[in-house]
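Okay, structure first, notes after.
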Amino acid sequence: MNYPHSHARSLREPAAFWAEQAASVAWYRTPTQALVERPDGTHQWFPDGELNSCYLALDHQIEQGRGEQDALIYDSPVTGRKARYSFRQLRDEVARLAGALRDLGVGKGDGVIIYMPMVPEAAMAMLACARIGAVHSVVFGGFAPHELAVRIDDARPKLLLTASCGLEFERVIEYKPLVDKALEQAGHQPEHVLVLQRPQARAAMREGRDLDWQATVADASPADPVPVASGDPLYIMYTSGTTGKPKGIVRENGGHAVALLFAMRHVYGMQPGEIWWGISDVGWVVGHSLIVYGPLMNGCTTVFYEGKPIRTPDAGAYWRVVEEYGVNALFCAPTAMRAIRKEDPQGELLRRYDQRSLKQLFLAGEKLDSSTHQWLEALTGKPVHDHWWQTETGWPVTAPCTGMEDFAARAGSSNRAVPGYDVQVLDDEGKPLGPNQQGAIVIALPLPPGCAQTLWNNHERYLDAYLRTYPGYYHTGDGGYLDDEGFVYIMGRTDDVINVSGHRLSTGEMEDLVARHPAVAECAVIGVHDELKGQVPLGLVVLKDGAGIAADRLQSELVATVREQIGALACFQKVAVVKRLPKTRSGKILRAVLRKIADGEAYSVPPTIDDPAILDEIAEVLRAFKVPAGMSSVAR
Ligand code: AMP
């Protein structure tokens, strides 16, 4: 497959293009039609197709002769446990769990919440739901009871699956008390809670409602996969929107299978039998597309890691896993690599491990700053690719399609649109902008297969959030531009674009410059209110261990760099050194909260925050900087 040709054809003839791709899926009923447009502008892919996503991930692989191949390799430095499951073993475990769910009255279309750590049983739970047509919603194990309760009330699950605990470094986090508290708060109650008892903590059980996982599954007879319609939901994944109520992204079975097979082969260049490592958590979209469904449906072995980039036990952990399992390609967020770089800037730990199996590294989730990019590429000697997507799309929107001929990759860009995506840039009025002009990044409809076409229980909100802003386009919420060769530059959420004296500036661009400084481990640039200029940028910087540079000198060097690279109009004049940056548990820097602290506005502590204490630390540092007061005099 040739990239330029395929991309052009996918936009010219989307139905024909994707009908051809759909032929690689083992449908129960092959769709006779590829694409239908609904009156509200949304689309349905493969409307009369029937399939089963668990069958595709497991049984079909066994039928292809991969029964004895490793399907899932569990590596848990936090517990010291390692385990391998062949496709046959995983299918048998999943079929029995699916039988247990069926015996508990769970059937096609029923909701199931999975609130679990990174144990193989979490993947089994997802696949077991898919096997019987139930709709799973994995809630990230780090969410507090209130957030879990909100999701329970929205998804209205018949069953909740959990484990007695998760582990964060050496700390045991008991999950069951959190579930109990969430259920006290929730209006909706699942009929049962299935609890996986882990050796590190024993959960207290409530008679009648709570069931022991092992005992329940032991008695069950295996369930066969049931055919579901292409448009039937496979899962709901909640993601943050602009209000406190999370958006329940709905993933349909048919389009999802077609898209993931395409992505694994043609974007990530993975062949059946190869070893893939998606480094994330089942609580995020990456955990769905790139830990469970994508690799397995493509006949790859998936590495399932319950650990961290650092301190489990050290910053060589990733490289140890690559060597131990012969990982061929991996996916992770830039923040993980920055954490490794901070502790092992010279790559001494990396060099202890054999990295020959590794062909390429894919990074996404936030902008890959060029400093980290260059460091990683130089150290590993492998191609490092930035690519861009969202929970809503479920698979890459822009990426170097490394599994295609004539693909191109460009450092500094999140690369070109993947076939199926017509990525464009519009101004505030919705008028198309030319190359190198910054605006709102949109995708012309139809969205390709796999992308969410609705929100659970709230189709109107879907239309409002994504389709109504720019009629005919999907609104990504990101700002950026395309260069004259179609490479896409994501500069951050549209609210990260700041306006300084009428000039539109990207804080992402400034971050990139700041991050290149040799003393900087990590940084965020935010726009803070300024009476004269509207907004001015403020840099928050975490220093590398042992950087040994005075704050004054660092500030003047960074100010000079930004002035030199972007210009005096950027008004970048203040740099605060902080110990840490507040992040979500998936590693995104919480810029909106930083902005509020800097502007002296009231803020609520985001439920996804890694460590709320950081916010107080930052507020104190900013006070010493006389931020928010006094910014205007500084900015002049
Ligand atoms: P999520 O749905 O949580 O995966 O977040 C999606 C958002 O993360 C996107 O809308 C972007 O703002 C950001 N994002 C993801 N990948 C990239 C990337 N490669 N470069 C810049 N921003 C990214």
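Values below: all heavy atoms of this structure, side chains included; hydrogens, waters and symmetry mates excluded. In each ligand, atom 1 is the first atom listed, and ligand 1 is the first ligand listed. Everything numeric here is computed off the predicted structure, so don't read it as measured data. Numbers here simply count residues along the sequence, with the first being 1.
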## Note on the structure
Nearest non-hydrogen contact to atom 18 (C) of ligand 1 from the set Gln390, Met237, Glu366 belongs to Glu366

### Query
Who gets closest to atom 9 (C) of ligand 1 by heavy atom: Asp478, Thr584, Val488?
Asp478

### Query
Got Tyr489 and Asp483 here, is their nearest side-chain heavy-atom distance under 4.5 Å?
yes

### Query
Do Tyr474 and Gln390 come close enough that some side-chain heavy atom pair is under 4.5 Å?
yes

### Query
Hey, does Gly365 sit under 4.0 Å from ligand 1 if you only count heavy atoms?
yes

### Message
Quick check on Trp284 - does any of its heavy atoms sit under 4.0 Å from an atom of ligand 1?
### Response
no

### Message
Regarding His387 and Tyr268, do their side chains bring together a donor and an acceptor under 3.5 Å, going by distance alone?
### Response
yes

### Query
Within the structure, does Thr391 bring an N/O atom to less than 3.5 angstrom of an N/O atom in ligand 1?
yes

### Task
Could you tell me whether some N/O pair between Asp386 and ligand 1 is separated by less than 3.5 angstrom?
yes

### Query
If you count the atoms of ligand 1 from 1 in the order shown, which ones are under 4.0 Å from a heavy atom of Ile490?
21 (C), 22 (N)

### Query
Between Lys588 and ligand 1, which part of the residue brings a heavy atom under 4.0 Å of the ligand: side chain, backbone, both or neither?
side chain

### Message
In this structure, is the centre-to-centre distance between the rings of Tyr466 and His475 below 6.0 Å?
### Response
no

### Query
Mind checking what makes ring-ring contact (aromatic ring centres under 6.0 Å, His included) contact with His43, not counting sequence neighbours?
none

### Message
Using the ring-ring contact (aromatic ring centres under 6.0 Å, His included) criterion, which residues pair with Phe572? Sequence neighbours excluded.
### Response
none

